[in-house]
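Down below is the structure, laid out as structure tokens.
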Amino acid sequence: MSKLIFNTEYRLYELKGLAYYSTRQVADEFTKRHADVLRAYDEMVATANSDEPTQLNSEGDSGSIVQRKIASNSDDDEVTLEFLKQNFFEHKYIAENGKKAREVMMTEDGASILIMGFTGKKALSFKVKLMKRFRMMEQFIMTLQNARLEHLAFTQAIMDAHEEPKHYHFSNEADMINRIVLGMSAKQFRKVHNLEKNESIRPYLSNEQIKAVEALQRADIGLLISIPDYQDRKSKLAAYFERMKLKYIA
């Protein structure tokens with residue numbers, strides 16, 4: 001079952017190839033009470049589902065701004081409801097008291113609607129930075145998806161290199177690359193980062209780490225046939241990785 005994965009580099013969540021932002025983050029980064037952010041969301045949903053004209057206040061808070069946006073499109077209720085469905089969903093997290101609490105996850109489009117009423121120089125700066133984070137997160141997700149496709153070719157190369165492929169052939173080859181790039185095996189990485197057994201470690205790597213793993217996998221596809229000895233391949237790949245690092249440093 002898919003689950004939300006928090007990316008510490010871009011401070012956004014990933015789920016099924018999409019980037020998400022949470023109401024808890026809105027509250028923290030825009031200095032709001034989480035309860036007030038949730039209230040603004042609830043008012044937005046209530047307005048979208050209401051058949052009655054919306055009573056708007058003039059205080060200029062985020063809730064009233066959102067209501068104006070939706071009310072102005074009251075002739076297209078189905079489009080509004082579909083937008084909410086596609087760009088928001090409710091989620092439970094474990095609060096500091098150990099109990100489950102409510103938050104709402106949103107896409108970039110959803111976030112832009114919810115926070116459009118936040119004003120001031122600081123709020124504007126956060127909005128610009130948030131858009132940049134979404135752009136970088138989208139690039140990260142694309143890199144992650146490409147790495148998964150590359151892994152299929154890598155797996156096939158391992159199969160082709162052995163007359164009778166064993167399960168450890170795959171784990172050994174993958175962990176050889178993990179140790180070169182990460183300094184540890186996938187099992188050790190899961191332990192350090194408190195991940196579940198057999199959970200993919202890829203979503204928890206940095207963008208540069210994923211690119212390095214991807215590059216070494218491509219190189220190893222050729223080496224698996226030309227250099228049958230495991231230790232020789234390892235030395236070649238380790239040397240290649242060091243050259244990659246020097247190139248980026250230079």
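- Residues meeting the side chain to side chain donor-acceptor pair (under 3.5 Å) test with Asp42, sequence neighbours left out: Arg102.
- Here the side chains of Val128 and Lys132 are in contact, with some heavy-atom distance below 4.5 Å.
- Atom CE of Met105 is separated from atom CG of Leu18 by 11.5 Å, given to the nearest 0.5 angstrom.
- A single hydrophobic cluster is not seen to contain both Met142 and Phe140; linkage of ILVMFWY side chains at heavy-atom distances under 4.5 Å, directly or through other members, places them apart.
- Residues passing the salt bridge (charged side-chain N to carboxylate O under 4.0 Å, His left out) test with Glu14, sequence neighbours excluded: none.
- Every residue two or more places apart in sequence or in another chain was checked for a side chain to side chain donor-acceptor pair (under 3.5 Å) with Arg190, and none qualifies.
- Contact between Tyr240 and Ala215 at its shortest, heavy atoms only, is CE2-O, 4.0 Å.
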For this session: Could you go through the side-chain hydrogen bond (donor to acceptor under 3.5 Å, both in side chains) check for Tyr10 and Glu138 one step at a time?
Result: CA-CA 10 Å; Tyr10 306 119; Glu138 287 168 358; over 6 Å; no
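- Taking CG of Leu237 as the reference point, atom CE of Met176 lies at 5.0 Å (rounded to 0.5 Å).
- Pro228 and Ser226 get closest at one heavy-atom pair: CD-O, 3.6 Å.
- Both Met159 and Phe154 are part of a single hydrophobic cluster, where members link through side-chain heavy atoms under 4.5 Å apart.
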For this session: Check step by step if ring-ring contact (aromatic ring centres under 6.0 Å, His included) holds for Tyr13 and Tyr21.
Result: CA-CA 6 Å; Tyr13 294 84; Tyr21 188 54; 8.9 Å; no
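- Residue Gln209 holds its CD atom at 8.5 Å from CD of Glu9, rounded to the nearest 0.5 Å.
- Nearest heavy atoms, Ala19 versus Phe134: O-CE2, 3.7 Å.
- For the pair Arg135 and Glu108, the salt-bridge criterion is met [side-chain N within less than 4.0 Å of a carboxylate O].
- Salt-bridge formation is not detected for the pair Lys92/Glu103: no Lys NZ or Arg NE/NH1/NH2 atom is positioned less than 4.0 Å from an Asp or Glu carboxylate oxygen.
- Smallest separation of non-hydrogen atoms from Ala161 and Leu224: CB-O, 3.8 Å.
- Hydrophobic clustering (side-chain heavy atoms under 4.5 Å, transitive across Ile, Leu, Val, Met, Phe, Trp, Tyr) keeps Tyr93 apart from Leu4.
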Per-pair distances, 0.1 Å, donor-acceptor, side chain in residues 179-187, under 3.5 Å, sequence neighbours excluded:
from: Ser185; atom 1: OG; to: Gln188; atom 2: N; distance (Å): 3.2
from: Ser185; atom 1: OG; to: Gln188; atom 2: OE1; distance (Å): 3.4

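- Looking at Lys32 and Phe118, their side chains come closer than 4.5 Å, going by heavy atoms from C-beta outward.
- When side chains are defined from C-beta on, Phe6 counts as touching Arg11, because their heavy atoms get closer than 4.5 Å.
- Few gaps surround NZ on Lys127; more than 12 heavy atoms of other groups in view lie less than 6.0 Å from it.
- In this structure, the separation between CG on Leu223 and OH on Tyr230 is 13.0 Å, given to the nearest 0.5 Å.
- For residues 151-162, no residue pair satisfies the salt bridge (Lys or Arg N to Asp or Glu O under 4.0 Å) rule, not counting sequence neighbours.
- Using modelled atom types and a 3.5 Å distance limit, the side chains of Tyr204 and Glu199 yield a donor-acceptor pair.
- Side-chain atoms of Asn49 come within 3.5 Å of backbone atoms of Val45 as a donor-acceptor pair (strictly under, hydrogens ignored).
- In this structure, NZ on Lys211 lies 13.5 Å from CG on Leu205, to the nearest 0.5 angstrom.
- Hydrophobic clustering (ILVMFWY, side-chain heavy atoms < 4.5 Å, transitive): Leu124 and Met116 are in distinct clusters.
- The existence of a salt bridge linking Lys245 and Glu242 is confirmed by a sub-4.0 Å separation between a basic side-chain nitrogen and an acidic carboxylate oxygen.
- In this structure, Leu216 CG and Ile221 CD1 are separated by 11.5 Å, a value rounded to the nearest 0.5 Å.
- In summary, the side chains of Thr23 and His34 do present a donor paired with an acceptor at a separation below 3.5 Å, with no hydrogens or angles considered.
- Residues Leu12 and Met136 fail the side-chain proximity criterion, which asks for heavy atoms closer than 4.5 Å.
- Paired with Met106 under the rule side chain to side chain contact (heavy atoms under 4.5 Å, CB included), one option of Ile113, Val26, Ile115 passes, and it is Val26.
- Under the 30°/60° scheme for interplanar angles, the aromatic rings of Phe88 and Phe83 are found to stand perpendicular.
- Sorted by first and then second residue, the pairs that involve residues 178-200 and meet ring pair (Phe, Tyr, Trp, His ring centres under 6.0 Å), not counting sequence neighbours, are Phe189-His193.
- Residues Val104 and Val37 form no side-chain contact, since every pair of their non-hydrogen atoms from C-beta on lies 4.5 Å or further apart.
- Between Glu29 and Arg133, at least one side-chain N (NZ, or NE/NH1/NH2) sits under 4.0 Å from a carboxylate O, which counts as a salt bridge.
- Across all non-hydrogen atoms, the minimal contact from Asp229 to Asp232 is OD2-N, 2.9 Å.
- Contact record, Leu15 with Phe89: CD2-CZ, 3.9 Å, taken as the closest heavy-atom pair.
- Between Asp175 and Asn178 there is a side-chain heavy-atom pair separated by less than 4.5 Å.
- For the residue pair Glu173 and Tyr168, no side-chain donor N or O sits within less than 3.5 Å of a side-chain acceptor on the partner.
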